[in-house]
Every structure is written in C-alpha cells, then in structure tokens.
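Let me begin by presenting the structure, written as structure tokens, before commenting on it.
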Amino acid sequence: MTRVDTDFKDRVYELVGQIPKGRLMTYGQVAALCGAAWAAWEVGQIAHRGPKDLPWQRVVNKQGGLARSYTWGGFEGHKRSLETEDIEVSKDYRVNLDKYLWNPHL
DNA sequence: CCGTTGACCCTTC
DNA sequence: AGAAGGGCCAACG
C-alpha cells in the first residue's frame with residue numbers, strides 16, 4: 001500500500017551522504033525529506049542494509065540519542081564516530097540536537 | 001506512562 | 001531457487 005518508489009531509498013543515500021561533518025539529522029527528518037515521513041523506521045532499516053560508505057553515524061533518533069544497535073560497533077562505536085566528527089556526545093549517549101541538528105535546506 | 005503498529009529490503013535456511 | 005524472518009524508529013491510543 002502506498003509503497004514508495006525506489007527513489008526513496010536512493011534519496012536517503014543522497015541525503016545522508018550530503019550531511020556535512022559536525023552536523024546531525026534525525027531518522028524522521030531524513031524520511032520526511034525523502035518524501036516518506038511514515039518510513040522513519042525504514043530509514044533505520046535502510047541504514048542496516050545500505051552501504052556503510054554513508055555517514056550513518058550522523059543520523060540519530062528523535063531523542064537525540066544514538067542508534068539502538070549500531071551495526072558497525074554498537075553505541076560505543078557510534079559514539080566514537082560522532083566524537084571523531086567533533087560532535088559532543090553526552091555520557092548518556094545523547095547529543096545536542098539543538099546545536100548539531102542540520103537541515104539540507106540550509 | 002507503556003505497548004502496538006507500520007508503507008520495507010536484505011540475509012539466511 | 002523459494003520462502004520466512006529480522007531489523008539503527010516514530011506516532012497513536
């Protein structure tokens with residue numbers, strides 16, 4: 001039902017690849033920008049399947065927290081990746097979305 | 001507050 | 001080669 005075009009998948013790759021260093025985006029935001037706000041979770045699934053060439057570490061949940069199970073190292077691996085991007089990660093594995101949240105329109 | 005549902009694609013048996 | 005299950009979230013009741 002209302003299955004999205006394969007473009008959605010391709011758009012996610014493009015969008016994530018366009019996220020600049022030091023910036024973060026939420027799954028719901030990425031999905032919405034790709035034209036599938038109902039697929040916020042799918043973005044995560046795509047991340048799991050998608051090419052690890054993309055900076056999925058710059059994509060976090062709406063709580064500003066890291067992914068539940070970072071495929072390439074879990075929370076710790078995700079946290080390290082973010083810190084490598086000059087992104088400050090709290091000890092609770094959370095980031096300041098208000099400070100790092102990025103929008104492609106900018 | 002907590003639990004369930006949802007439009008998917010890929011991996012493994 | 002065919003079929004079934006799993007899996008980086010978010011919103012609603």
Side-chain angles (χ1 to χ4, degrees):
Chain A
M1 311 156 146
T2 322
R3 197 171 174 178
V4 168
D5 298 336
T6 51
D7 277 0
F8 170 69
K9 181 177 64 168
D10 195 50
R11 286 180 188 174
V12 174
Y13 296 139
E14 288 288 309
L15 184 59
V16 175
Q18 285 165 24
I19 300 175
K21 179 181 176 185
R23 287 288 183 277
L24 297 171
M25 284 190 76
T26 63
Y27 287 98
Q29 195 172 3
V30 173
L33 289 170
C34 288
W38 39 263
W41 61 292
E42 278 195 22
V43 177
Q45 309 325 318
I46 290 171
H48 214 23
R49 314 165 329 216
K52 57 188 181 190
D53 295 347
L54 296 175
W56 295 108
Q57 61 255 25
R58 293 174 189 160
V59 183
V60 297
N61 58 31
K62 207 163 189 183
Q63 299 175 6
L66 281 65
R68 298 185 74 178
S69 229
Y70 200 55
T71 315
W72 316 305
F75 285 99
E76 297 178 11
H78 196 167
K79 186 178 178 226
R80 287 185 188 175
S81 297
L82 291 173
E83 290 182 328
T84 302
E85 304 280 313
D86 291 320
I87 295 173
E88 186 178 359
V89 181
S90 301
K91 62 182 180 181
D92 197 32
Y93 295 101
R94 290 207 315 194
V95 296
N96 300 2
L97 282 180
D98 187 58
K99 182 179 179 182
Y100 297 109
L101 187 62
W102 178 72
N103 187 298
H105 188 66
L106 304 177

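Everything numeric here is computed off the predicted structure, so don't read it as measured data. Chain letters run A, B, ... following the sequence lines, proteins first, then strands; residues in each count from 1.
Protein chain A contacts DNA chain C from C/dG7 to C/dA11, reading 5' to 3' and using non-hydrogen atoms of the protein with a distance under 4.0 Å.
Side-chain atoms of A/F8 and A/E42, non-hydrogen and from C-beta on, do get closer than 4.5 Å to each other. In this structure the side chain of A/L101 reaches within 4.5 angstrom of the side chain of A/Q29, judged on heavy atoms. Between A/E85 and A/R23 there is no side-chain heavy-atom pair separated by less than 4.5 Å.
More than 12 heavy-atom neighbours from other residues, nucleotides or ligands sit within 6.0 angstrom of CG on A/N103. Within 6.0 Å of CD in A/Q63 there are 12 or fewer heavy atoms belonging to other residues, nucleotides or ligands.
Looking at heavy-atom distances under 4.0 Å, A/A47 makes contact with a base.
Looking at which nucleotide of DNA chain B each of A/T6 and A/W41 is closest to, the 5′-most match is held by A/W41. Where A/V60 and A/R49 each meet DNA chain C at their nearest nucleotide, the meeting point lying more 5' is that of A/R49. Mapping A/K62 and A/Q45 onto DNA chain C by nearest heavy atom places A/Q45 at the nucleotide closer to the 5' end.
Across the protein-nucleic acid pair, A/I46 atom CD1 and B/dG6 atom C1' stand 14 Å apart, rounded to whole Å. Rounding to whole angstrom units, CD of residue A/E42 and P of B/dC10 are separated by 11 Å. Atom NZ in A/K9 sits about 7 Å away from atom C1' in B/dC9, given to the nearest Å.
Distance check on atom C1': C/dA10 versus B/dC10 gives 22 Å, rounded to whole Å. Nucleotides B/dC9 and C/dA11 are separated by 22 Å at their C1' atoms, to the nearest Å.
Ring orientation note: the planes of A/H78 and A/Y70 are close to parallel, at an angle under 30° on the 30°/60° scale.
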